[in-house]
Number of protein chains: 2
Amino acid sequence: MSDQNKLMVKQVLDAWNAHLASTYKLFNELPDEQIERQVVPGRNTGTYLFGHLVAIHDAMFPLLGIGDKLYPQLEEAFIKKPDKSELEKPSVKELRTYWGEVHSALGTHFNKLTVDEWLQKHTAVSEEDFVKEPHRNRLNVLLSRTNHLAYHFGQLAFFKN
Amino acid sequence: MSDQNKLMVKQVLDAWNAHLASTYKLFNELPDEQIERQVVPGRNTGTYLFGHLVAIHDAMFPLLGIGDKLYPQLEEAFIKKPDKSELEKPSVKELRTYWGEVHSALGTHFNKLTVDEWLQKHTAVSEEDFVKEPHRNRLNVLLSRTNHLAYHFGQLAFFKN
């Protein structure tokens, strides 16, 4: 039973890491000037999607209760506001650094969490609600973020031929 | 422990069902004529992505060892060949029917599988390899297909304003 638990958590983590690696590989292959362009005409730029993913993943620290955001300044420009806002955005070069820092720190935490800890509530749900809705746990955040990543990775794939 | 197992399987299933529902809702909102168009200029049509998702999900029956494909004829046009092949494709109207049939039948099976059954090997891995790689189980197929769905759903979202 306990082995099954560990296996399932590992599988969810592996899926997250695999998608992170694919997205990182794509960003690495693309020059900054291309990432600055719209993914398809009239849609979000690669810069916006890049910053959006970093900001959403950075927000996992407080949501999972494992720390503070490394780059809280990203929230306004990349989560609250759309690409077309007048807000100043960091360069692709800076985003590459942020991406590395956020995922390196997340990975360190993720590797230390036990199965029980993965199944503890995330911070956006109250103790009372969690009793009724035990699926609102850390593991669900990871599942959900992996799918969110896959969603935008599908869009970023339009940068390639 | 056993409760934790069930909870984790339920969470993976819930994520699958949530993405299916979102994609179904999008296809339902779009008229056939729009789905027949390219998602973005020069890229796959909605018809191709629709058929591709149905075909990939239909292939889960044999891959999970729970039955035969309902529409084996879709594989050639929607998996093996790209959109631009000369192969005849079913209409969007037909694909809507196939989508319903495949997911209804899959859902019936999924709701009956126990945790142990979810953690049994899928049919594309040998008994010997499975001993060394126990993550190559049915649950991993479901995780992987959910992310694949999210990937293409991100592209289909370009149909919307």
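Per chain, numbering begins at 1; letters A, B, ... match sequence-line order.
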Quiz item: Salt bridge or not for B:Asp3 and B:Lys6, using N-O below 4.0 Å?
Solution: no
Quiz prompt | Heavy-atom closest pair, residues B:Glu117 and B:Arg138 | solution = O-NH1, 2.7 Å
Self-check item: Which of B:His152, B:His19, B:Lys10 touches chain A most, by non-hydrogen pairs under 4.5 Å
Solution: B:His19
Quiz prompt | Contact winner vs chain B - A:Ser144, A:Pro134, A:Ala15, heavy-atom pairs under 4.5 Å | solution = A:Pro134
Self-check item: Worked verdict on A:Arg96 versus A:Asp32 for salt bridge (Lys or Arg N to Asp or Glu O under 4.0 Å)
Solution: CA-CA 10 Å; A:Arg96 292 186 192 279; A:Asp32 291 10; 2.8 Å; yes
Quiz item: Between B:Leu156, B:Asn137, B:Val115, B:Asp14, which shows the greatest number of heavy-atom pairs under 4.5 Å with chain A?
Solution: B:Asn137
Practice problem: Give the member of A:Leu149, A:Val39, A:Thr146 that has the highest number of heavy-atom pairs under 4.5 Å with chain B. | Solution: A:Thr146
Exercise. Indicate yes or no: does B:Glu29 engage B:Lys160 in a salt bridge with an N to O separation below 4.0 Å.
Key: yes
Quiz item: For A:Leu139, is it the side chain, the backbone, both or neither that has a heavy atom under 4.5 Å from a heavy atom of chain B?
Solution: both
Self-check item: Pair A:Tyr151 and B:Tyr151, ring centroids less than 6.0 Å apart
Solution: no
